[in-house]
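One structure is given below, encoded as structure tokens.
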Amino acid sequence: MNLQDLNAPQQAAITCIDKPCLVLAGAGSGKTRVITHKIAWLIEQAGYSPGKIRALTFTNKSAREMRQRIVALLDKKNAKGLHISTFHSFGLAILQQEYDQLGLRKSFSIMDSKDVESCLTELTLRTGNDLDFVKQSMYQISRWKNEFITAAQALQSADTPILETQAKLYEEYQQYLLACNSLDFDDLIMMPVLLFRQHAASLLKWQGMVHYLLVDEYQDTNTSQYEIIKLVCGTRQKFTVVGDDDQSIYAWRGARPENINRLQQDFPSLEVIKLEQNYRSSSRILGAANALIANNEHLFEKNLWSAAGPGEFIRVFPCKTADEESNQVAVDILSRSFQSRDEFQQFAILYRSNFQSRAYEKALRDHSIPYQINGATAFFERQEIKDIMAYLRLVTNPDDDRALLRIINTPRREIGTATIKTLANYAKNRHSSLAKILKELGLQESLSRRAWIRLQGFADFIDEMRIKADQLDALNFTKYLILELDYEDWLRDTCNSQKQAENAIENIVELTSWIGNLQKQQEEPSLDKLVSHLSLMSILENDEDKKDQQAVQLMTLHAAKGLEFPHVYLVGFEEDSLPHHQSQDAAGIEEERRLAYVGITRAGKTLTLSYAKTRQRFGEIQQCEASRFLLELPEADLEGAEHVTSKLSADEKKQKGLSHFADLQTMLGTRDQKADAC
DNA sequence: ACGCCGCGTATTTTT
DNA sequence: TACGCGGCGT
């Protein structure tokens with residue numbers, strides 16, 4: 001490995017290993033390169049054993065990509081034992097070893113957001129449950145967990161009646177989770193912190209296992225994640241974090257970009273290195289991005305520059321209707337791909353929210369352009385996948401009531417709501433989970449003969465599956481389970497169309513093949529560990545078959561972070577979409593601006609912004625206007641937006657750009673300050 | 001216990 | 001527009 005093809009700050013970041021290191025990496029400045037080379041450097045030059053290095057990312061995709069790039073740099077055997085995982089998998093790995101310290105039992109389940117929602121709905125059932133309140137509470141509880149605030153602390157600091165109710169719900173919810181031997185996603189981060197604070201021996205053990213820590217997308221860490229980093233690094237202080245506050249787009253889920261500043265306070269010897277040369281975009285695109293983001297407050301001043309030429313103009317497609325917009329984009333992709341002879345996968349269509357993909361799917365299909373959607377209906381939200389996962393969860397974790405309730409009557413066993421209610425009441429009186437009391441005589445007494453017999457059928461089935469699960473490996477067990485359930489036939493019977501049934505069966509096959517893959521990869525492939533691991537994966541995004549195809553990439557702006565494409569179409573560049581109508585306060589607008597910044601900086605050669613003046617929403621036609629962010633881009637670099645920008649004088653433009661802000665005064669204030677600083 | 005029909009609400013962004 | 005849930009009828 002040599003460092004010659006890296007620039008000076010990149011080299012400095014890689015070779016800085018004696019001090020804690022913060023790398024402020026602007027968009028396209030080669031941050032993944034720095035991390036991968038640094039890992040190689042640690043192993044080959046600094047003598048670190050790969051097994052003692054831990055790199056943390058936020059998504060499975062970036063973890064996988066990082067691994068691939070490191071393997072390409074190193075000898076295969078040198079990369080063996082290297083730990084590259086998401087924060088959540090790291091938390092899971094810790095908890096799978098230390099669960100008993102936290103009152104959990106082996107084979108705990110991981111609940112997804114849907115499970116959490118149904119849990120909370122159930123817990124608030126008595127108090128006249130209002131769906132909106134449940135959603136709010138779910139969000140609030142998640143926030144507390146991200147901020148490392150326990151239920152007791154939440155209750156103590158609650159200063160409104162609503163917060164108090166929510167804090168009580170939080171407490172009830174935690175008890176319920178414990179009873180079900182389950183954790184939610186946020187627990188996977190929070191519980192390890194709790195553990196490390198309470199059990200010094202566990203902390204020492206994990207500090208001994210992680211001698212060097214690297215964190216990607218550091219600006220996205222929340223308080224709990226920051227605590228994990230701080231605790232694991234302990235006194236050794238051997239770590240590198242890489243981030244960019246201008247690309248912080250996860251404040252809504254608790255990300256604290258201020259963690260960048262906190263690092264300097266908590267680790268005074270911190271070495272701060274800035275990467276400011278962009279290798280991705282034409283200078284016109286980069287200039288537009290810089291102009292846009294200059295409207296935000298910054299934690300650190302950066303001066304991102306590109307040595308590339310100006311390149312093409314940034315094009316704007318103003319369209320009359322949404323149909324026209326998607327059509328024009330499709331036609332343009334077609335003609336560009338012919339002209340430039342760039343492959344379809346070099347084109348990306350980026351949008352604010354998932355539902356916007358539909359119009360583009362249709363338009364691309366109409367023009368026979370292959371496409372791939374990243375993050376379509378999540379694999380694990382599909383009914384058939386949830387069903388099988390629920391069986392696997394219940395087999396490995398008898399306390400998992402959510403799983404039992406899901407599959408007790410799927411496929412049909414003629415066990416109805418009345419029976420289930422009796423069962424739930426009985427379990428409640430016995431202080432037990434549902435599955436454990438299925439065979440108790442006391443329960444028999446309160447049920448009809450028919451209901452009891454059906455229930456026993458279910459109980460016997462689960463018992464039998466538990467025995468089989470011990471005898472077979474995970475893959476063969478899953479196959480056996482699906483066969484015994486007659487699940488495929490059931491899908492054919494219950495699906496509305498044959499097409500749907502086939503699709504569902506395909507998904508089931510996909511799931512089993514993933515269990516097979518995972519089984520081969522894992523060192524200790526027990527069923528319960530595979531099931532937990534699987535819950536954290538998003539299978540569609542790892543689909544290899546589709547990767548090879550020459551396909552236009554469709555994804556949300558959030559999903560696009562960390563990626564780059566020669567040709568980017570940023571569509572739906574409209575008020576209420578970007579910025580989203582639910583992010584209208586000052587902080588919200590800044591985050592939306594960063595989102596636009598992320599979108600723009602994905603582009604290498606060409607960037608196209610499009611918007612529609614009318615759009616159907618919920619069946620009704622609505623008027624739309626171009627995004628305020630369009631007015632923040634340098635007019636000289638735009639093409640096609642004349643009727644938006646040139647009709648207005650400079651003053652009017654400024655007015656128009658600002659009129660959206662709720663608090664004009666504040667905004668003008670910050671602008672003036674900025675002008676003074678320059 | 002189950003299926004059908006009709007009404008009402010949904011659209012941020014993710015592990 | 002589309003899907004999900006609740007109510008009602010069998």
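Letters A, B, ... are given to chains in the order of the sequence lines, protein chains preceding strands, and every chain is numbered from 1. Not measured: the values here are computed from a predicted model.
The salt bridge (Lys or Arg N to Asp or Glu O under 4.0 Å) pairs that include a residue from residues 410-426 of chain A are A:E414-A:R454, where partners are two or more places apart or lie in different chains.
Atom CH2 of A:W252 is separated from atom P of B:dT14 by 6 Å (rounded to the nearest Å). Straight-line distance from the CD atom of A:Q582 to the P atom of B:dT13: 11 Å, rounded to whole Å. Protein atom NZ of A:K114 is 13 Å distant from nucleotide atom C1' of B:dT14, rounded to whole Å. To the nearest angstrom, P of B:dT13 lies 11 Å from OH of A:Y250. A:M138 has its CE atom 15 Å from the P atom of B:dT15, to the nearest Å. Atom CG in A:L563 sits roughly 15 Å away from atom C1' in B:dT13 (whole-Å rounding). Whole-Å rounding puts the A:E217 CD to B:dT14 P distance at 14 Å. Remark: P of B:dT14 and CD1 of A:I110 are 19 Å apart, rounded to the nearest angstrom.
In this structure, of B:dT14, B:dT15, B:dA1, it is B:dT14 that holds the atom nearest to the side chain of A:H558. Looking at the side chain of A:F355, the nearest of the listed nucleotides B:dT11, B:dT13, B:dT15 is B:dT11.
Taking A:S137 as the reference, A:F133, A:Q166, A:L169 meet the side chain to side chain contact (heavy atoms under 4.5 Å, CB included) condition, with sequence neighbours excluded. Shown here are the ring-ring contact (aromatic ring centres under 6.0 Å, His included) partners of A:Y99, two or more places apart in sequence or in another chain: there are none. Residues passing the salt bridge (charged side-chain N to carboxylate O under 4.0 Å, His left out) test with A:R602, sequence neighbours excluded: none. In this structure, the salt bridge (charged side-chain N to carboxylate O under 4.0 Å, His left out) partners of A:E147, at least two apart in sequence or on a different chain, are A:R256. Considering only residues two or more places apart in sequence or on other chains, A:D220 meets the salt bridge (charged side-chain N to carboxylate O under 4.0 Å, His left out) condition with A:K561. For A:R615, the salt bridge (charged side-chain N to carboxylate O under 4.0 Å, His left out) partners two or more places apart in sequence, or in a different chain, are A:E325, A:E574.
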Are any protein N/O atoms closer than 3.5 Å to N/O atoms in nucleotides 2-7 of chain B? If there are, list each pair with its distance.
from, atom 1, to, atom 2, distance (Å)
B:dC2, OP2, A:N409, ND2, 3.3

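Residue A:N354 has a polar side-chain atom (N or O) positioned under 4.0 Å from OP1 or OP2 of B:dT14. In this structure, A:T556 reaches the B:dT14 phosphate: one of its side-chain N or O atoms is under 4.0 Å from OP1 or OP2.
A:R450 comes within 4.0 angstrom of nothing in the nucleic acid, heavy atoms only. Heavy atoms of A:T419 sit under 4.0 angstrom from primed sugar atoms or phosphate atoms, though from no base atom. Within 4.0 Å of A:F58, counting heavy atoms only, lie sugar-phosphate atoms of the nucleic acid but no base atom.
Using atom P as the reference point in both C:dG4 and B:dT13, the two lie 16 Å apart (nearest Å).
When ring centroids are compared, A:F87 and A:F58 come within the 6.0 Å threshold.
Place A:T417 and A:L595 on DNA chain B by their nearest nucleotides, and A:T417 ends up nearer the 5' end.
Two residues are said to be in side-chain contact when any heavy atoms from C-beta on lie closer than 4.5 Å; A:Y611 and A:E575 fail this criterion. Side-chain contact between A:H580 and A:S353 is present, with heavy atoms from C-beta onward closer than 4.5 Å.
Contact footprint of chain A on DNA chain C: nucleotides with an atom under 4.0 Å from a non-hydrogen protein atom, first to last in 5' to 3' order, C:dT1 to C:dA2.
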